Amino acid sequence: VQLQASGGGLVQAGGSLRLSCAASGVTFSRYGMGWFRQAPGKERDFIAAISWSGGSTFYADSVKGRFTIFRDNTVNTLYLQMNSLKPEDTAVYYCAAANKIYTSRPLEYSYFGQGTLVTVSS
């Protein structure tokens, strides 16, 4: 499984960004997908998950109501729409794939992309 995240950048607090994650080498629709993030000096946190069809989603409390995870299986791409960004959202964001059609358990994600940096200024 090859995952390539993109879309990070510098944004002011209150702004929006959309991250993308292109998958290759797999039948994308067979995998549950998720987003993690790692802030400087902190552990990697699991923030969102989506089922193979997009019909089920999970959000960590820290992003619920502000972030939306969705996918387009026709183009093998996962997305994370981030609104109302806060300085504490500053982190490297990673997309990930699990060997099952849906999971909200972070330890079940086996494949990770290289990450894209999001910086939110105050």
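None of the values given here were measured: they were computed from a predicted structure.
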Disulfide (SG to SG under 2.5 Å) partners of residues 39-82, not counting sequence neighbours, each pair once:
none
If the condition is side-chain contact (heavy atoms from CB on, under 4.5 Å), which residues does T74 pass it with, not counting sequence neighbours?
D72
Please name all residues satisfying salt bridge (Lys or Arg N to Asp or Glu O under 4.0 Å) with K64, sequence neighbours left out, ordered by chain then number.
D61
Would you list the pairs meeting side chain to side chain donor-acceptor pair (under 3.5 Å) in which at least one residue belongs to residues 99-114, sequence neighbours left out?
N99-Y111, K100-E108, T103-E108
Answer whether the closest heavy-atom distance between the side chains of M33 and R71 falls below 4.5 Å.
yes
Exercise: identify the closest heavy-atom pair between L117 and A91:
CD1-O, 3.6 Å
If hydrophobic clusters are built by linking Ile, Leu, Val, Met, Phe, Trp and Tyr wherever their side-chain heavy atoms come under 4.5 Å apart, do I69 and F28 end up in the same one?
yes
Counterpart residues, side-chain contact (heavy atoms from CB on, under 4.5 Å), relative to T90 (two or more places apart):
T119, V120
Residues 7-26 vs ring-ring contact (aromatic ring centres under 6.0 Å, His included), sequence neighbours excluded, gives none
Would you mind listing every salt bridge (charged side-chain N to carboxylate O under 4.0 Å, His left out) that reaches into residues 28-52, with sequence neighbours excluded?
R37-D89
Compile the donor-acceptor pairs under 3.5 Å between side chains in residues 18-25 and protein atoms, sequence neighbours left out, one pair per line.
residue: R18; atom: NE; partner: Q81; partner atom: OE1; Å: 2.8
residue: R18; atom: NH2; partner: Q81; partner atom: OE1; Å: 3.2
residue: S24; atom: OG; partner: Q2; partner atom: OE1; Å: 3.3

Taking the ring of Y59 and the ring of F67, is the distance between their centroids below 6.0 Å?
no
How close do A13 and S122 get, heavy atom to heavy atom, and via which atoms?
CB-CA, 4.4 Å
What class does the angle between the rings of F46 and F58 fall in, given that below 30° is parallel, 30 to 60° is tilted and above 60° is perpendicular?
parallel
List the atom of G7, the atom of T116, and the distance in Å for their closest heavy-atom pair.
N-OG1, 4.0 Å
Is there a path of hydrophobic side-chain contacts, each under 4.5 Å between heavy atoms, that joins L78 and V26?
yes
Are the side chains of L17 and V118 in contact, using a 4.5 Å heavy-atom criterion?
yes
Cluster membership besides Y79, Ile/Leu/Val/Met/Phe/Trp/Tyr side chains within less than 4.5 angstrom, sorted by chain and number, is F70, V75
What residue pairs, at least two apart or across chains, pass disulfide (SG to SG under 2.5 Å) with a residue in residues 41-87?
none
Contact list for residues 3-16, test side chain to side chain donor-acceptor pair (under 3.5 Å), sequence neighbours left out
S16-N83
Using only atom types and a distance under 3.5 Å, with no angle test, would you say the side chain of T27 pairs donor to acceptor with the backbone of S29?
no
